[in-house]
Amino acid sequence: MSTTPLSASRGAATIALVGNPNAGKTSLFNRLTGMRAKTANFPGTTVEHRRATIALGDVATTIVDLPGLYSLDPSTPDERVACDALEGLLPGMPEPDLVLLVVDSTNLERNLFLASQVLELGEPTVVALNLSDAAAKQGITLDLPVLRERLGCPVVSVSARTGAGVDELLAVVSQTLRERKAPQLHADLASCGSCRGCQFSARYDWASRVRSASVRGEATAQGRITATIDRVLTHRVGGLVAFALVMAATFLTIFWAATFPMDLIDGLFGAAGETLGAWLPAGDLRSLLTDGVIGGLGGMLVFLPQICLLFFVLALLEDSGYMARAALVMDRLMHKVGLPGKAFVPLLSAHACAIPAIMSTRVIEDRRDRLATILIAPLMTCSARIPVYAMVATLLFPQSSVQRALIFTAAYALGITAALVMAWVFKRTLLKGPVRPLVIELPNYRLPSLRNAVLLTFDRAAAFVKTAGTTILMISLILWALATYPKTSVEEMPAEVQAQLAALEAAGDESGVEHLTQQMELERSFAGRIGRTIQPVFQPLGFDWKMSIGVLSSFAAREVIVSTMAVLYGLGADGADDGVNSLLASLGASKHSDGSPVFTTATCLSLLVFYVLAMQCLPTQAVTRRETGSWRWPLLQLGYMTALAYVAALITYQTASLLAS
């Protein structure tokens with residue numbers, strides 16, 4: 001090991017932050033770095049990490065938050081990457097100059113197993129005894145001089161939640177970086193690696209001896225409280241009821257609380273579009289900026305409140321220790337379809353929006369289980385489908401709120417059933433393999449850190465805007481171009497349309513002229529031509545060419561079909577301002593060229609089933625690409641969901657038509 005002072009040799013340093021899950025490693029990272037952290041994948045992997053650069057004296061120091069692990073014998077891809085990063089085996093990432101090992105003060109013995117392996121790497125190491133405030137409340141006292149002797153490296157008591165001891169920790173880390181001093185292994189620890197018997201047993205025995213020598217007091221009171229609460233929260237029945245209540249509160253928060261900032265964002269972008277439209281003359285530039293750029297950004301950022309609220313609440317639940325109990329309770333049920341218990345929360349959150357749901361699958365360690373969850377998450381009914389459900393349900397049963405409610409219930413049930421069936425299929429074919437057994441630690445309950453939750457929420461929101469947002473904006477601009485070009489002048493329109501326009505102008509109906517012009521321009525645009533081209537594909541589902549364009553345009557976002565159909569069926573793009581009833585009346589009165597109604601019961605049911613099961617959300621595809629690191633999985637997701645939606649809608653339409661005849 002080199003003893004050259006780091007600041008003189010390189011002027012920069014890398015610190016690897018290591019620790020068991022639930023030891024407070026990420027909380028300490030947030031305390032040390034604040035809002036300077038950036039999220040990225042490790043080079044050549046899809047495993048995510050956070051890093052930030054801080055100044056320690058004259059040394060620019062990068063702190064890398066490695067995935068949590070229990071030992072240096074990896075059993076998951078995340079653990080493998082963490083081990084490779086520690087040993088300097090990860091391409092494109094330097095070997096760390098110092099290891100900052102985070103240890104849970106309230107559960108020292110269990111954490112010391114990993115510590116024994118990290119110390120044997122021979123890298124300069126500092127141990128941060130986190131949760132020192134919780135240990136003190138539980139009556140636990142740690143003998144730091146004994147620990148320093150037994151571990152052979154600096155040991156500092158800290159609390160990431162309150163910030164206590166953090167300044168001392170930074171000073172010790174800075175000094176250790178300058179000295180580049182490797183741990184001095186105690187004789188008991190050195191014998192573990194050379195033991196001819198079971199090294200695991202030897203390490204656990206060593207951890208037990210260290211704990212006995214350095215810990216005073218027992219956390220009996222905290223243990224009794226935790227056990228009492230767990231009798232309810234992990235009970236076969238009571239645990240399910242508690243979980244249902246917690247999740248109901250979570251999603252009520254997401255649905256209700258997000259409404260206000262979502263409306264605000266929508267209003268701000270609407271006002272920005274109107275203001276810019278008033279400043280610029282009519283033409284392609286105004287349309288590009290108002291409909292393409294502002295409309296695209298607004299359509300992306302309107303999801304942000306849901307994403308922020310979801311991750312904020314989940315961070316609080318995780319920090320409190322509850323999410324480990326929730327995974328344990330749901331594990332038994334999810335195993336029946338080949339998914340781990342940890343998949344339940346992302347699938348449940350997909351009922352708000354599939355985008356944050358897919359992002360939250362990071363809690364699932366096994367890559368196959370995580371991929372299966374990502375692939376089926378968009379089948380859950382998200383809030384973007386609700387306008388489509390409402391439109392179809394009202395067309396089917398305009399006078400009965402009970403029947404409309406039943407349609408909504410059936411649509412939700414169909415999505416859930418399809419998701420569980422496809423999970424069962426994926427886990428027995430493409431992602432074949434046993435479900436990873438749930439081995440989970442149930443940490444003590446503790447007061448969650450608001451600061452940590454806010455920082456994590458900010459980080460996730462920034463990652464969404466930066467990575468997924470650029471893709472979403474590009475998609476919006478492409479769809480704008482398809483719907484705008486080629487241009488069609490009035491002279492190029494059919495004679496009967498020119499006659500209708502002349503009659504509307506003579507009657508002074510400027511709104512009617514605008515609506516009919518928009519309808520014809522869209523019909524003759526690239527999007528309209530594509531709609532005419534693909535209409536034979538959708539005709540067996542009962543869709544005419546206008547609905548086919550609606551299907552195409554709604555790939556930007558499912559709810560876009562409502563405004564698209566408003567234009568195509570004679571209301572104009574701003575038809576929503578005239579009221580939902582006007583739209584429904586126009587749709588209900590629509591006729592085919594032979595005079596038959598367009599929206600029959602069979603067609604409505606077919607359209608409903610298609611939108612329950614179809615992908616129809618390119619922003620979700622962008623996030624799937626980001627989370628999986630490959631276009632293979634979003635393309636598979638798009639392909640199987642489109643095929644599933646088509647076949648199900650075909651069966652629905654043909655069966656309903658047969659029964660009606």
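Throughout, numbering of the chain's residues begins at 1 and tracks the sequence.
- The closest side-chain heavy-atom distance from M641 to L375 is not below 4.5 Å.
- Of all heavy-atom pairs between A372 and K427, the closest is CB-CD, 4.0 Å.
- In this structure, the side chains of L395 and L607 stay at 4.5 Å or more apart for every pair of heavy atoms.
- Each side-chain hydrogen bond (donor to acceptor under 3.5 Å, both in side chains) pair with one or both residues in residues 641-653, not counting sequence neighbours, would appear here, but there are none.
- Taking CG of L379 as the reference point, atom CG of L347 lies at 9.5 Å (rounded to 0.5 Å).
- Between Q637 atom CD and I374 atom CD1 the span is 8.0 Å, to the nearest 0.5 Å.
- Note: T620 OG1 to R625 CZ = 15.5 Å, rounded to the nearest 0.5 Å.
- Looking only at distances, a side-chain donor or acceptor of R524 sits under 3.5 Å from a matching main-chain atom of E492.
- Between A423 and I376, the closest heavy-atom pair is CB-CD1, 3.7 Å.
- For the atom pair F260 CZ and D263 CG, the distance stands at 8.0 Å (nearest 0.5 Å).
- Under the rule for a ring-ring contact (aromatic ring centres under 6.0 Å, His included), the partners of Y485 that lie at least two apart in sequence or sit in another chain are W480.
- For the pair T488/M520, no side-chain contact is recorded, criterion being any heavy-atom separation below 4.5 Å from C-beta on.
- Taking each heavy atom of T603 and M547 in turn, the nearest pair found is CG2-CE, 3.7 Å.
- Counting only heavy atoms from C-beta outward, the side chains of V623 and M359 approach each other to under 4.5 Å.
- A side-chain donor-acceptor contact under 3.5 Å links T361 to the backbone of I358.
- For F312, there are no ring-ring contact (aromatic ring centres under 6.0 Å, His included) partners, not counting sequence neighbours.
- Residues Y389 and V612 have side chains in contact (heavy-atom distance under 4.5 Å, counting atoms from C-beta outward).
- The two residues M493 and E521 come nearest to each other via the heavy atoms CE-CG, 4.3 Å.
- Across every non-hydrogen atom of L635 and Q621, the tightest pair is N-OE1, 4.4 Å.
- Contact annotation: the side chain of L396 approaches that of L605 to within less than 4.5 Å [non-hydrogen atoms, C-beta and beyond].
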When the side chains of residues 530-541 are checked against the rest of the protein, which donor-acceptor pairs come out under 3.5 Å, sequence neighbours left out?
{"residue": "R532", "atom": "NH2", "partner": "E523", "partner atom": "OE2", "Å": "2.8"}
{"residue": "T533", "atom": "OG1", "partner": "R529", "partner atom": "O", "Å": "2.8"}
{"residue": "Q535", "atom": "NE2", "partner": "F543", "partner atom": "O", "Å": "3.4"}

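- Here the shortest heavy-atom pairing between L456 and A315 reads CD1-CB, 4.2 Å.
- Here the side chain of R404 pairs no donor or acceptor atom with the backbone of T394 at under 3.5 angstrom.
- Listed by chain and residue number, F426 satisfy the ring-ring contact (aromatic ring centres under 6.0 Å, His included) test with Y640 (two or more places apart in sequence, or in another chain).
- Here K432 pairs with nothing under the salt bridge (charged side-chain N to carboxylate O under 4.0 Å, His left out) rule; sequence neighbours left out.
- Ion pairing of E627 with R370 is present here, as a side-chain N (NZ or NE/NH1/NH2) and a carboxylate O approach within less than 4.0 Å.
- Note that OG1 of T517 and CD of Q500 are 10.5 Å apart. Values are rounded to the nearest 0.5 Å.
- Formation of a donor-acceptor pair under 3.5 Å by the T373 side chain with backbone atoms of D369 is found in this model.
- Screening L644, I651, L650 for a side-chain contact (heavy atoms from CB on, under 4.5 Å) involving V647 leaves a single residue, I651.
- Looking only at side-chain heavy atoms (C-beta outward), L371 and L430 stay at 4.5 Å or farther from each other.
- The shortest side-chain heavy-atom distance between I265 and P305 falls under the 4.5 Å cut-off.
- With rounding to the nearest 0.5 angstrom, the OH atom of Y412 is 13.5 Å from the CD1 atom of I407.
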